[in-house]
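Beneath this line is the structure, given in structure tokens, with notes to follow.
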Amino acid sequence: QELRPLPNTRPNSSHYGINLGCARCGALVLRDEEIVAIKNGSVWTKSPLEFACVSESKNGSEIDVRCEECNNHIGTHYLRRPASRDPSMDELLCTITFPASKIMYLRQSSSGNLFNKTVLLGEEDIIRKGISN
């Protein structure tokens with residue numbers, strides 16, 4: 001089955017039914033009510049996360065987000081707003097209250113192949129309705 005990114009959503013719109021699990025172990029890492037927006041294949045969240053943990057400070061303002069169950073790296077926790085060169089991303093970042101986290105749904109390998117960092121969890125009809133809103 002072809003991997004496709006989640007559709008972009010507006011900040012603070014309904015994300016009902018979009019729950020994410022770790023692609024490695026299947027554990028719940030993000031519930032729909034924690035989502036602020038989806039942009040460019042990543043899910044921006046409120047802080048703190050209930051089912052994931054932050055660890056390994058990168059540079060004082062960015063911290064790895066990992067699955068609590070298997071320690072799989074699934075995103076980045078930002079203590080303050082990150083810099084961006086993309087005007088549409090700047091618009092989104094201005095609407096998010098930091099600290100916040102960016103959870104990866106799909107990633108691209110150095111060879112160009114797409115792979116999941118997280119997967120959608122739940123009943124298919126509820127998920128389809130959630131991502132079509």
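Sequential numbering from 1 along the given sequence is applied to the chain's residues.
- Checking Ser42 against Asn40 by side-chain atom types alone, no donor-acceptor pair falls below 3.5 Å.
- Under the side chain to side chain donor-acceptor pair (under 3.5 Å) criterion, Lys39 pairs with Ser88, not counting sequence neighbours.
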Using atom types as modelled, flag every donor-acceptor pair under 3.5 Å from a side chain in residues 20-27 to any protein atom, sequence neighbours excluded.
unit_1	atom_1	unit_2	atom_2	d
Arg24	NH2	Asn72	OD1	3.4

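- His73 places no side-chain N or O within donor-acceptor distance of the main-chain N or O of Asn71, the cut-off being under 3.5 Å.
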For side chain to side chain contact (heavy atoms under 4.5 Å, CB included), just list the numbers for Thr118 and Leu30, CA-CA rounded to whole Å, side-chain angles, deciding distance to a tenth of an Å, and then say yes or no.
CA-CA 9 Å; Thr118 56; Leu30 185 64; over 6 Å; no

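- Summarising the geometry of Leu106 relative to Pro5, their closest heavy-atom pair is CD1-N, 3.5 Å, with the distance given to 0.1 Å.
- Linking ILVMFWY residues whenever their side-chain heavy atoms come closer than 4.5 Å, directly or via other members, places Val119 and Leu28 in the same cluster.
- Atoms CD and CD1, from Glu34 and Ile103 in turn, are 9.0 Å apart once rounded to the nearest 0.5 Å.
- Other members of a hydrophobic cluster containing Phe115 are absent, since no ILVMFWY side chain comes under 4.5 Å of it, directly or through relayed contacts.
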Go through Ser84 and Asp86 one step at a time and tell me if the side-chain hydrogen bond (donor to acceptor under 3.5 Å, both in side chains) criterion holds.
CA-CA 6 Å; Ser84 172; Asp86 176 359; 5.5 Å; no

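- When all heavy atoms are compared, the tightest approach of Leu114 to Gln108 is CD2-CB, 4.0 Å.
- Taking CG of Leu6 as the start and CG of Leu120 as the end, the distance is 5.5 Å to the nearest 0.5 Å.
- Annotation for Ile38 and His15: closest pair CD1-CD2, 4.1 Å, computed over non-hydrogen atoms.
- For Arg81, the salt bridge (Lys or Arg N to Asp or Glu O under 4.0 Å) test picks out Asp90, with sequence neighbours left out.
- Proximity of a side-chain donor or acceptor of His77 to a complementary backbone N or O of Leu79 within less than 3.5 Å is not detected.
- Apart from Val36 itself, the hydrophobic cluster it occupies contains Trp44, Tyr78, Met89, Leu92, Leu93, Ile96, Phe98, where clustering links Ile, Leu, Val, Met, Phe, Trp and Tyr at side-chain heavy-atom distances under 4.5 Å.
- Side-chain atoms of Thr76 do not come within 3.5 Å of backbone N or O of Lys102 as any donor-acceptor pair.
- Residues Met104 and Leu121 are members of separate hydrophobic clusters, defined by side-chain heavy-atom contacts under 4.5 angstrom among Ile, Leu, Val, Met, Phe, Trp and Tyr.
- Distance alone, capped at 3.5 Å, is enough to place a donor-acceptor pair between the Asn19 side chain and the Asp32 backbone.
- Residues Ile35 and Ile18 come closest through the heavy atom pair CD1-O, 3.3 Å.
- When every heavy atom of Gly17 is checked against every heavy atom of Ile126, the shortest pair comes out as CA-CG2, 3.7 Å.
- Checked against side chain to side chain donor-acceptor pair (under 3.5 Å), Glu33 has the following partners two or more places apart in sequence or in another chain: Arg31.
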